[in-house]
Amino acid sequence: MDYKFSEIEKKWQKYWDDNQTFKAGTDLSKPKFYGLVEFPYPSGHGLHVGHPRSYTALDIVSRKKRMQGYNVLYPMGWDAFGLPTENFAIKNKVHPKDVTEQNIANFKRQLKSIGFSFDWSKEVNTTDPNYFKWTQWIFLKLFEKGLAYKQEMPVNWCTSCKCGLANEEVVNGVCERCGGEVVQKLKSQWMLKITEYAQRLIDDLDDIDFIEKVKIQQKNWIGRSEGAEIDFALTTGESLTVYTTRADTLFGATYMVISPEHPIIEKYKDKIENLDEIKAYQLEASKKSDFERVELAKDKTGVEIKGIRAINPVNDKEIPIWISDYVLMTYGTGAIMAVPAHDTRDFEFAKKFNLPIIQVVAGDNCDLEKEAFTNVSEGVLMNSGFLDGLQVKDAIAKMIEFLSEKGVGKKKVNYKLRDWVFSRQRYWGEPIPLVYCEHCGYVPIPESELPLTLPDVENYEPTDDGQSPLAKMTDWVNTTCPKCGAKAKRETDTMPQWAGSSWYFLRYIDPDNSDAIASKELIDYWMPVDWYNGGMEHTTLHLLYSRFWHKFLYDIGVVNTKEPYAKRTSHGMILGANGEKMSKSRGNVVNPDEIVENYGADTFRTYEMFIGAFDLATPWSEQGVKGCHKFMERVWGLLDFVKQDDNYSSDLESLMHKTIKKVSDDIEKMKFNTAIAALMSLINDFYKKKEITKGELKTFLQLLNPTAPHITEEMWEIMGFEKTIAETPWPEFDESKTVDAEIEIVVQINGKIKDKITVPQGTSKDELEKIGAENEKIKALTEGKQIVKVIAVPNKLVNVVVK
RNA sequence: GCGGAUGUGGCGGAAUUGGCAGACGCGCUAGACUUAGGAUCUAGUGAUUUUAUCGUGGGGGUUCAAGUCCCUUCAUCCGCACCA
């Protein structure tokens, strides 16, 4: 009988659909498992072979959990707002809604063809008004609690298109579309105070099971540092505050540097003697993003501000103030005290502009001719008056104490994390549900008016002055103030794509609820997400944003858990066959449809899991796909030599138990490749014997079912086993039968293998030492040499050390 | 630049976390079957000067024992806040 994968797969996909096999149960007394994968952005390119890597992995876990008796929720949806759809709409004069609809239909068809056990009754779509009603509702709550505010922020501004650009649309400093020059322009933007949650976002990582590198990356991104704010008096009579983590080096501060955007320039413009030069420098700096400014840090630029000087509070010395773009307005206070002897960037700057370098920390390996001395752990203070002789750590504390007493400094915790720029001047996003009234300021629209839907516009391009295309819809924009009834205007900015994805896991729980995000009872049952898998590239933005929103929802009593995700894992990228990232321009893109069509979904799923270590990047290989297809053929071929015996055959009994154990453990540890290898190895044994008992086949099919669900269902049916395989319990193993009675032990001399012996399981250390020393081969080889010692490790080896 | 990772046969990768390096798969070689083979089956397959020696990006170290731990160095990949 041929393996007709196409027929088999269609048959079972229809069966699952018709029977709603994978619909989450309503029995809330059962133990639950909520598996989550990042929902895709339905792009026009269709599904990428990278998507199914994550989806198959948690599909396997979810299918196994169902077999283990859990009530499983494994949902899928669409993160459908976004720039590419909008750009496509602009170019082709179609409504983004229509583009989105088509793309979703295509994605859904593709996902179904791979046989994922998603509960499609829970499907969500971030662009559906019934969905974004609640995105807007959350925004209003944030606004109500003072966590949304407006601030002037730099945006990428194309001087020729006259519109704001996403970072991605800026290529080598010019506009991707028209090649025009891009500068940083200040624009008033809605911001969310994620920084208010910074400490909790760090602290609560301790209580959740995220892979370590995700925790580390999040912590570094939040970037907590303990330091001090110090006020430097200015010759204008007022003062300038800096942030530093090295208050101990204050005696070595020989100049100050402020960011080009620092407000004191505007404030003291009358006193600045070289204002033209400063203005010119500011303009240059506006052409660079923060990233470029810091990246190009090796070639420092800057201008001294003439006419104002600062006074070092610790020794009352007058020092110059410079302006330079290596100081960022977005971190600390936008101003620093420069200590060239002990900070690499300050050192480079001082060398370039011949500014004085005063050493205040002594230590070994300190060569100030070459580089700054930044070693904190070894340093001892010098040239620093009352701090001399102290260790850096103690000196910092003493200095802060001194400054506090003088009233010119205090301890300060700082975070690199910046508030979340939440507005976009775009069409294809959730409208921000606020109204601007001249009398009342920004007023939220009443909850009863949610969702605030997008009006139809004629074209989707931003206005000439960079406003959202919504600004042109005067009928929509002009409204009345919900508070005082006067004429008012709607906010025309929309939300970023991140908004809808910051809470989607809650909506899956109860997607049709029109009164709340989801019913309280269901939230209490299903949350938190038990296992969330996604890409490392989402670690610092999406993952942090959604944790922030969830904490906020916890604070206002909507959810019952502090954290949304109990466990987070991550998959590696699938690269093109040439080892490079898959992209249209490189011509190395693999279309999942072709693989499913030519080899079948089961082969595709198996290969995606067998391709390599789950968390590492791996190149695609068509040959590898063929290898997995051959495995499927061999699985199918087992039907040719089934022996009517419900037990395991005696020679394979131990291996069967070991394999159940290995596959079960490996799936939990996401070592899918070795789980499959174990099944391949087992099938080789069946083929060697040209025999498999019914009992062995049953277990084998169950172990393979989560990975290759269609073929295993079909074979299960052909064999006439009870129920469908998905409804059967996961195989059990007997620990005692996984242990071999006899074990092969390696015998070494000085760590080199000389012989192998077989001993009973658990042979003691003493016995092994004896056996090792008396081994014939060893005796012969150690003849005339002195045996220094014998090391024995039970069940592993004996090592004879000789001189 | 900062942060995170990776480096093992011709290729993708295993290695119970310090204890037999190369499981499993691809490719390759030989044989069987066949009118035929880019099908299937069986066997072999790290290198070499093959009783043995060498071998996990390079260099150094710790240890009875290192792919695994430490120091150092090189290369590659991911993220860097308006791509998703």
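Just so it is clear, the values below take in all heavy atoms, side chains as well, and ignore hydrogens, waters and symmetry mates. This one's a predicted model, so the numbers in the text were calculated from it and none came from an experiment.
Atom CG of A/Leu616 and atom C1' of B/rG4 are 13 Å apart (whole Å). Between A/His571 atom NE2 and B/rC77 atom P there is a gap of 19 Å when expressed in whole angstrom units. Per the geometry, CH2 belonging to A/Trp221 stands 17 Å off C1' belonging to B/rA5, to the nearest Å. With rounding to whole Å, A/Lys630 atom NZ is found 8 Å from B/rG25 atom P. We find that CZ of A/Phe88 is positioned 18 Å from C1' of B/rC83, with the value rounded to whole Å.
Applying the 4.0 Å criterion to OP1 and OP2 of B/rG3, one finds that A/Gln217 has every side-chain N and O outside that range. Close to B/rC24, at under 4.0 Å from its OP1 or OP2, lies no side-chain N or O of A/Asn673. Contact between the side-chain N/O atoms of A/Arg418 and the OP1/OP2 oxygens of B/rA81 is not found at any separation under 4.0 Å.
The glycosidic torsion of B/rG9 lies within 90° of 0, placing the base in the syn range. Syn is the conformation of B/rU17, whose glycosidic angle sits no further than 90° from 0. For B/rU50, the O4'-C1' to base torsion is within 90° of 0; the nucleotide is therefore syn.
Nucleotides B/rA43 and B/rA36 have their P atoms positioned 24 Å apart, rounded to a whole Å. Nucleotides B/rG22 and B/rA15 place their P atoms 13 Å apart, quoted to the nearest Å. When the P atom is used for both B/rU29 and B/rG37, the distance is 14 Å, rounded to whole Å. Taking atom P on both nucleotides, B/rG10 is separated from B/rG18 by 29 Å, rounded to a whole Å. Comparing the same atom, P, in B/rU72 and in B/rG3 gives a spacing of 15 Å after rounding to whole Å.
Within the nucleic acid shown, A/Ala678 has no heavy atom closer than 4.0 Å to any nucleic acid atom. Using a 4.0 Å heavy-atom cutoff across all strands shown, A/Tyr41 reaches sugar-phosphate atoms only and no base atom. Base engagement by A/Gln425 is indicated by at least one non-hydrogen atom pair under 4.0 Å involving a base atom. Residue-level contact check: A/Ile611 touches the backbone only, with heavy atoms under 4.0 Å from sugar-phosphate atoms and none from bases. Within the 4.0 angstrom heavy-atom criterion, no nucleotide atom of any strand lies near A/Ile745. Contacts of A/Ile216 with the nucleic acid, taken as non-hydrogen atoms under 4.0 Å apart, involve only primed sugar atoms and P, OP1 or OP2. Counting any heavy atom pair closer than 4.0 Å across all strands shown, A/Glu169 reaches no nucleic acid atom.
Applying the Watson-Crick and G-U wobble criteria (two distances, each under 3.5 Å), B/rG25 pairs with B/rC11. In this structure B/rG38 sits in no base pair that meets the Watson-Crick or G-U test at under 3.5 Å. The nucleotide B/rU63 finds no pairing partner, because no Watson-Crick or G-U wobble arrangement with both distances shorter than 3.5 Å includes it. Pair check for B/rC33 finds none; no Watson-Crick or G-U wobble contact set falls under 3.5 Å. Across all strands shown, the partner of B/rC80 is B/rG1, judged by Watson-Crick or G-U wobble contacts whose two distances both fall under 3.5 Å. Under the Watson-Crick or G-U wobble criterion, with both distances below 3.5 Å, B/rG18 has no partner in any strand shown. B/rU48 is paired with B/rA52 under the Watson-Crick or G-U wobble criterion, all donor-acceptor distances under 3.5 Å.
A/Lys215 NZ: more than 12 foreign heavy atoms inside a 6.0 Å radius.
A donor and an acceptor atom, one from each side chain of A/Ser546 and A/Tyr532, are nowhere located under 3.5 Å apart.
Across the interface with RNA chain B, nearest-nucleotide mapping of A/Thr618 and A/Pro40 shows A/Thr618 to be the residue nearer the 5′ end.
For B/rC64, its base sits under 3.5 Å from the side chain of A/Asn799 at one donor and acceptor pair at least. Residue-to-nucleotide contacts include a donor-acceptor pair under 3.5 Å from the side chain of A/Lys756 to the base of B/rC20.
Between A/His542 and A/Tyr504, the ring-plane angle classifies as tilted under the 30° and 60° cut-offs.
Counting only heavy atoms from C-beta on, A/Leu797 has its side chain closest to B/rG19 among B/rG79, B/rC41, B/rG19.
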